[in-house]
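What you see below is based on every heavy atom in this structure, not just the backbone, and it leaves out hydrogens, waters and symmetry mates. Remember, it's 1-based here, ligands and their atoms both numbered in the order they're listed.
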Amino acid sequence: MVGKNPASESYLRIKSRYFSTLCLDSEVIRLPKNINECDLLNTINSLNTNSNVDGILVQLPLPGHIDADKVIESISVEKDVEGLSPGNVHAWAKAIPNLVPATALGVLALLKYYRISLEGKHAVIVGRSMIVGKPVLHLLLKENCTVTICHSRTKQLERHTRQADILIAAVGEAHLIKADMVKKGAIIVDVGVNFLDGKLVGDVDFKALKSKTSYISPVPGGSGPATVSMLAGNLLLAAELQKTGDNKKQKECLRHYYTNYAIVPDTNYC
Ligand code: NDP
C-alpha cells in the first residue's frame with residue numbers, strides 16, 4: 001500500500017479480516033506516498049524471492065509519479081494474486097485457467113452459485129477496466145455468452161443495457177443504472193462501490209430495480225464479499241503452484257481444480 005487512501009484502507013481491512021478467519025497470514029506493507037519507483041520495485045523483488053510469501057497484491061491506485069504497469073509487471077507471475085501481470089492476462093484472455101482478477105471471478109461465482117444458465121445469454125458489461133470489465137468479458141465469453149461491453153464513450157448507454165439478459169455494472173458512479181434502463185426479468189451484478197449521502201451504494205439503483213429483475217446483487221453484501229473470497233482462492237492456487245516446482249502436468253491440474261472449485265464448490269476435478 002503506497003500512501004493513504006480511505007477506500008483502499010477499507011478494502012485492506014476487509015481483506016485482512018477475512019484472511020484471518022481462514023487462518024491465512026497476511027501483512028500490509030505501508031510505503032510512503034513519495035517513495036520512488038526504484039524502491040517500490042526493490043520491495044516487490046524482495047517479496048518475489050521470499051519463499052515465505054505466496055501472494056503479492058499492490059493496492060491500486062498508485063501515486064501519479066509511479067508507473068503502475070511497470071510495478072504490476074514486476075510481480076512474479078505465480079505470486080500475482082490479482083491476476084494482472086502479463087503472463088496471467090495472456091492466460092485469461094485465452095481462457096486458460098489461471099490467476100484471474102478476483103472481482104471478475106467473484107462476478108462469475110455469484111452467477112454460478114445461483115445456477116444461472118449463461119450459454120447463449122446476452123451479457124452487457126458497463127466498464128472496461130483491467131480489473132473488472134475486461135476479465136469479466138473473457139470469463140463470460142468462455143461460458144458462451146454473447147457479450148457487449150460499454151464505457152464512458154458509449155452512446156445511448158440505455159439502448160445497450162435494455163438488451164441485457166445479464167447486466168454487470170462496474171463503473172463507479174452511484175445509481176448510474178436506473179429502472180428504465182433494464183428489461184424486466186434481467187439478472188444484475190452490481191460491482192460499483194460509491195458513497196451517496198454518506199451511504200455505501202452501487203452503480204445500480206437497487207431499490208428501484210429490485211422487483212423488476214430476477215436476480216440482483218446488493219451493495220454492500222454482493223460483489224464485495226465474493227471478490228474477497230475469490231482473492232483467498234487465488235492465494236491458495238498461487239501457494240500450490242509454487243509448491244509444485246516444474247511439474248507442468250500438476251500445475252495444469254491445480255489450475256483447473258482451483259478455478260472451478262472456487263466457483264462451483266461441489267465440483268470434484270482431481
Ligand atoms: P475504473 O475507473 O478503472 O473503470 C471504470 C469504467 O467505467 C471505465 O471503463 C469507464 O470508461 C467506465 N465509465 C465511466 N463512466 C461511465 C459512464 N457514465 N457510462 C459508462 N461507462 C462509464 O474502475 P474499476 O473498474 O476499477 O472499478 C469500477 C467500480 O467497481 C468502482 O466503483 C470500484 O470502486 C468498484 N470495485 C469494486 C470491487 C468489488 O470488490 N466489488 C473491486 C474493485 C472495484 P472509460 O474506459 O471510457 O474511461
Side-chain angles (χ1 to χ4, degrees), residues 1 5-19 57-64 68-69 71-72 80-84 89 92 99-111 113 123-140 147-164 167-178 180-182 188-196 199-206 215-235 262-263:
M1 167 86 184
N5 174 319
S8 297
E9 290 293 344
S10 126
Y11 291 142
L12 284 177
R13 260 196 312 276
I14 294 167
K15 287 173 201 168
S16 302
R17 211 180 304 138
Y18 184 70
F19 275 36
L57 188 156
V58 175
Q59 193 66 46
L60 299 174
L62 289 170
D69 285 341
V71 171
I72 287 162
D80 167 37
V81 290
E82 192 73 306
L84 288 175
V89 172
W92 53 255
L99 294 162
V100 177
T103 308
L105 279 179
V107 169
L108 195 66
L110 288 172
L111 295 170
Y113 183 84
V124 176
I125 303 165
V126 191
R128 57 176 165 179
S129 74
M130 284 300 287
I131 61 161
V132 198
K134 286 189 181 120
V136 171
L137 162 77
H138 289 285
L139 291 176
L140 292 178
V147 189
T148 302
I149 191 152
C150 303
H151 44 79
S152 67
R153 309 291 175 93
T154 298
K155 294 204 168 103
Q156 294 180 291
L157 179 64
E158 64 285 356
R159 265 187 51 210
H160 300 279
T161 55
R162 272 186 208 131
Q163 287 175 27
L167 180 67
I168 316 294
V171 172
E173 193 176 320
H175 295 177
L176 172 72
I177 308 294
K178 311 217 176 330
D180 62 353
M181 293 170 72
V182 176
I188 301 187
V189 181
D190 189 354
V191 176
V193 175
N194 314 287
F195 283 93
L196 188 65
K199 267 183 68 185
L200 187 59
V201 298
D203 289 346
V204 175
D205 188 347
F206 182 87
Y215 292 86
I216 178 166
S217 71
V219 178
S223 158
T227 298
V228 185
S229 56
M230 293 300 117
L231 183 64
N234 274 350
L235 178 64
I263 287 172

To the nearest 0.5 Å, atom CD of Glu82 lies from atom CG of Leu231 at 6.5 Å
Atom CD1 of Ile168 and atom CD1 of Ile177: how far apart are they, to the nearest 0.5 Å?
11.0 Å
To which of Val193, Asn194, Val107, Val171 does the heavy atom nearest atom 15 (N) of ligand 1 belong?
Val171
Starting from atom 47 (O) of ligand 1, what is the nearest protein heavy atom, named by residue and atom, and what distance separates them?
Ser152 OG, 2.5 Å
Please report which non-hydrogen protein atom sits nearest to atom 40 (O) of ligand 1, along with the residue it belongs to and the distance in Å to one decimal place.
Thr227 OG1, 2.8 Å
Using a 4.0 Å cut-off to any heavy atom of Gly127, which atoms of ligand 1 qualify?
6 (C), 7 (O), 9 (O)
Which ligand 1 atoms does Glu173 reach within 4.0 Å, using its non-hydrogen atoms?
18 (N)
Given 3.5 Å as the limit, does a donor-acceptor pair link the side chain of Asp190 with the main chain of Val204, or not?
yes
Going by distance only, is there an N or O of Arg128 that falls short of 3.5 Å from an N or O of ligand 1?
yes
Would Val107 and Val191 count as a side-chain contact (heavy atoms from CB on, under 4.5 Å) here? Give the steps.
CA-CA 8 Å; Val107 169; Val191 176; 3.7 Å; yes
State the CG-CG distance between Leu105 and Leu139, to the nearest 0.5 angstrom.
6.0 Å
I need the Thr154 OG1 to Arg128 CZ distance, nearest 0.5 Å.
7.0 Å
Considering only heavy atoms of Tyr11, which atoms of ligand 1 have at least one such atom less than 4.0 Å away?
34 (O)
Donor-acceptor pair, side chain of Asn234 and main chain of Pro101, under 3.5 angstrom:
no
Taking 4.0 angstrom as the limit and counting only heavy atoms of Ile131, give me the atoms of ligand 1 inside it, by number and element.
26 (O), 43 (C)
Can you tell me if Gly133 has a non-hydrogen atom under 4.0 Å from ligand 1?
no
Specify the protein heavy atom at minimum distance from atom 42 (C) of ligand 1: its residue, its atom name, and the distance to 0.1 Å.
Thr103 OG1, 3.2 Å
When you measure from atom 37 (C) of ligand 1 to every protein heavy atom, which one gives the shortest distance, and what is it?
Val191 O, 3.1 Å
What are the atoms of ligand 1, with element, lying closer than 4.0 Å to any heavy atom of Gly172?
29 (C), 31 (C), 32 (O)
Given side-chain contact (heavy atoms from CB on, under 4.5 Å), test Met130 with Val89 step by step and report yes or no.
CA-CA 9 Å; Met130 284 300 287; Val89 172; 3.9 Å; yes
Looking only at protein heavy atoms, which one is nearest to atom 20 (C) of ligand 1, and how far off is it?
His151 O, 3.2 Å
Between the side chain of Asp203 and the main-chain N/O of Val171, is any donor-acceptor distance below 3.5 Å?
yes
With atoms numbered from 1 as shown, which atoms in ligand 1 lie under 4.0 angstrom from a non-hydrogen atom of Gly224?
40 (O), 41 (N)
I'd like to check whether Arg153 has a polar contact with ligand 1, where a contact means an N/O of the residue lying under 3.5 Å from an N/O of the ligand.
no
Gap separating the CD atom of Glu9 from the CD atom of Gln59, nearest 0.5 angstrom
8.5 Å
Distance (rounded to the nearest 0.5 Å) between Asp205 CG and Met181 CE
11.0 Å
Distance under 4.0 Å to a non-hydrogen atom of Val126: what atoms of ligand 1 satisfy this?
20 (C), 21 (N)
Donor-acceptor contact below 3.5 Å, side chain Ser223 vs main chain Val219
no
Atom 4 (O) of ligand 1 - nearest protein heavy atom and its distance:
Ser129 CB, 3.8 Å
Quick one: which ligand 1 atoms are inside 4.0 Å of a heavy atom on Val132?
25 (O)
Considering only the protein, which heavy-atom contact is closest to atom 41 (N) of ligand 1, and what is its distance?
Ser223 OG, 2.9 Å
